[in-house]
Amino acid sequence: MRWPKGLDGLCYGGDHNPEQWPPEVWTEDVALMRRARVNLVTVGVFAWSRLEPQPGRYDFDWLDRVLDLLHTGGIRVALATPTASPPPWFSLRHPDALPVTADGVRLQHGSRDTYCVSAPAYRRAAGEITAALAARYADHPALALWHVHNEYGTTCHCDHATEAFRRWLRTRYGGLDALNDAWTTSFWSQHYSDWAQIRTPVATRYLGNPAQLLDFRRFGSDELLGAYLAQRDLLRAATPDVPVTTNFVLGGWVPVDHARWSTELDLVAIDHYPTEAGPGAEEQTAFAADLARGWARHSPGGPGWLLMETAPNLILTPGRMHGKEPGRLLRHSLSYVARGSRGAMFFQWRASRGGAELFHSALLPHAGPRSRGFRETVELGETLDRLAEVDVGTVSTSVAVVRDAGSWWALQASVLPSAEVDHADEVAAVYRALWRAGLGCDVVEPGDDLSGYALVVLPMLYLVDDGYAARLRDYLASGGHLLVSYLSGVADEYGRIRLGGHPGALRDLLGIRVDEFQPLDPATRLSLSDGGTGRLWSEPVELAGATAVTTYTDGRLAGGPAVTRHAYGAGVAWYVSTRLDDDTYRRLAADVARAAGVTPTCPVAPDGVEAVRRRSADGRSWLFLLNHTDTAQTLPVAGLDLLTGGYVDPVTLPAGGCAVLRQS
Ligand code: GAL
């Protein structure tokens, strides 16, 4: 495993932006970092214009001083390449490297991420600054980790991007016949007779081609990965022993297949910013951490991974910043660590005085060290120190939720029967159901091995190729349990509808057939025979071997199956034809898990108390208990609480409090 040099235990720190401050602040920073037990900081992410103030003229003196100061203070550095924000001189010199939107508008500098990764001038300049940094700091003793770029996720429609897209398509399809077939270009006279006719999916008069959009996302992922690899290889050549990573951003607009990228990362690192201020933030945190844990299994640096950024004291919802209540910072941090994060890192160390993110929270707030925020920063550092031993533990579960970048992208096309349904949203709904039922799960990709799982969930897995359908049949035949939700198996890998009735690839194993979809308007609720409700989607499900578990009791489908169960081989396959309300989904998840022989992580944990277990190969285990309720909770479990250092039996968690019990 490649792990940052010189770092033991858990990482703690965040983005450090000394370029925004005069040198006297740098000294104070190091002193305060030491007080908070910060041991790793990311430096230089957006410092390109300070590092290369003029083309080819570098100024490293200030960075030398910063790294020396940090080293003297015993703080390790994740040194970033600054390529997510080219300096103004670059954009003015190379207007062809500025990105073009789907509407044909060329964006100008003045923010960040304003470049096209396919533009030769950008790639050249990014390579040069990367090589210069590598040469300068290869032997610096503070260097622990390379942090390439920041949150790869841009798209572009300029001529360079268009050329790159055509090259990618040639490799994928070999010839135009295959492309025309896969894209169904016979529709609306789109047949291509020359590669030069193909464009990125730019603005069109009316609906675009969904297969083209899907391939553009796949291309985007590979193209950005190429940009990452170019930098990674330069850094590796200079410092073969220093691991290289980049911070993943999670968002619907991001054309990155993170599972595929993870095979190329020495350490999977994610940035995570919950978007709900209420209890949803806890579920989102757990989900993001389990996602990263799944990706890390693809990485040579796994199974551990790193939370590279989150906000210390802030949840951003559209139009509003919510401060985190006291204790929430710790609970969220422990939720990531419980699920395998090798520490907790934040954006950012010191709050900025100006610039676009001047009101973003920080480990050191504007108010300075005499603040509630900084007190919690220090407490968190002390806590992570006490938890160092858990770093050897891994999480294992017997439930897998399959998430698929391709299905997500395919369902983003604007031509589907309902704009209200979304793969990521359905994955989140089923994850929430499992989380609320106290059931730990892995989030996996269609390529992952399913044999170790008692239960596999396919939430809206829209694209299913023949090979995957065959693997699912084998899984069921050998005794697996499968829970499938609507709009799964409907299309092939190119997004073409499978004929003969839905859910195409999965009809036989589910023992059902659906001959039409009946999406619902967002306000409609359909009652179900078990007292639950369905929304957003419904289907007339014909039984073809399956039995009805619940039925619709009103609307056009009254009396018809809503949830079905089908014995297949030695296994069982369940189907859900509507979006269940949260309580009903939770009950169903618990029932299906019970039938599959899966029990909750901590069966005595009451509602609102989250439990996650990490185990080490030498037989130790750590039970993380996070009380998200506003009352104290007592649970009949025993162990040494690493947070207090005392043995407990039973354990009492204060309102909003946590325990980490070492149990042998
Ligand atoms: C991240 C980004 C940081 C900062 C942060 C604010 O996505 O990497 O640079 O912008 O968001 O929440």
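A quick note: this is a predicted structure, and the numbers were derived from the prediction, not measured. Just so you know, ligand 1 is whichever comes first in the structure, and atom 1 is the first atom listed for that ligand.
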(Q) Taking Arg331 first and then Glu610, would you say they form a salt bridge - that is, a charged N and a carboxylate O separated by under 4.0 Å? (A) no
**Q.** Arg57 with Glu52: basic N within carboxylate O range, under 4.0 Å
**A.** no
Q: Could you tell me the residue and atom name of the protein heavy atom closest to atom 5 (C) of ligand 1, and the distance to it rounded to 0.1 Å?
A: Tyr273 OH, 3.4 Å
Q) In the protein, what heavy atom is nearest to atom 10 (O) of ligand 1, and what distance, to one decimal place, separates them? A) Glu357 OE2, 2.5 Å
Q) Taking the six-membered ring of Trp146, is NZ or CZ of Arg232 closer than 6.0 Å to its centre and within 45° of its axis? A) no
Q) Taking the six-membered ring of Trp305 as reference, does the NZ or CZ atom of Arg342 fall below 6.0 Å from its centre and within a 45° cone about the axis? A) no
For ligand 1, note which part of [X] has a heavy atom under 4.0 Å away: side chain, backbone, both or neither.
X: Glu309; value: side chain
X: Asn150; value: side chain
X: Arg112; value: side chain

Distance filter under 4.0 Å to [X] heavy atoms, resulting ligand 1 atoms:
X: Asp271; value: 8 (O)
X: Glu151; value: 1 (C), 2 (C), 7 (O), 8 (O)
X: His360; value: 6 (C), 12 (O)
X: Phe46; value: 9 (O)

Q: May I ask you to test the Arg436-Glu283 pair for a side-chain heavy-atom distance under 4.5 Å?
A: yes
Q: Decide if the gap between the ring center of His332 and the ring center of Tyr336 is smaller than 6.0 angstrom.
A: no
Q.
Among Leu133, Asn150, Thr130, which residue satisfies the side chain to side chain contact (heavy atoms under 4.5 Å, CB included) criterion with Pro82?
A. Leu133
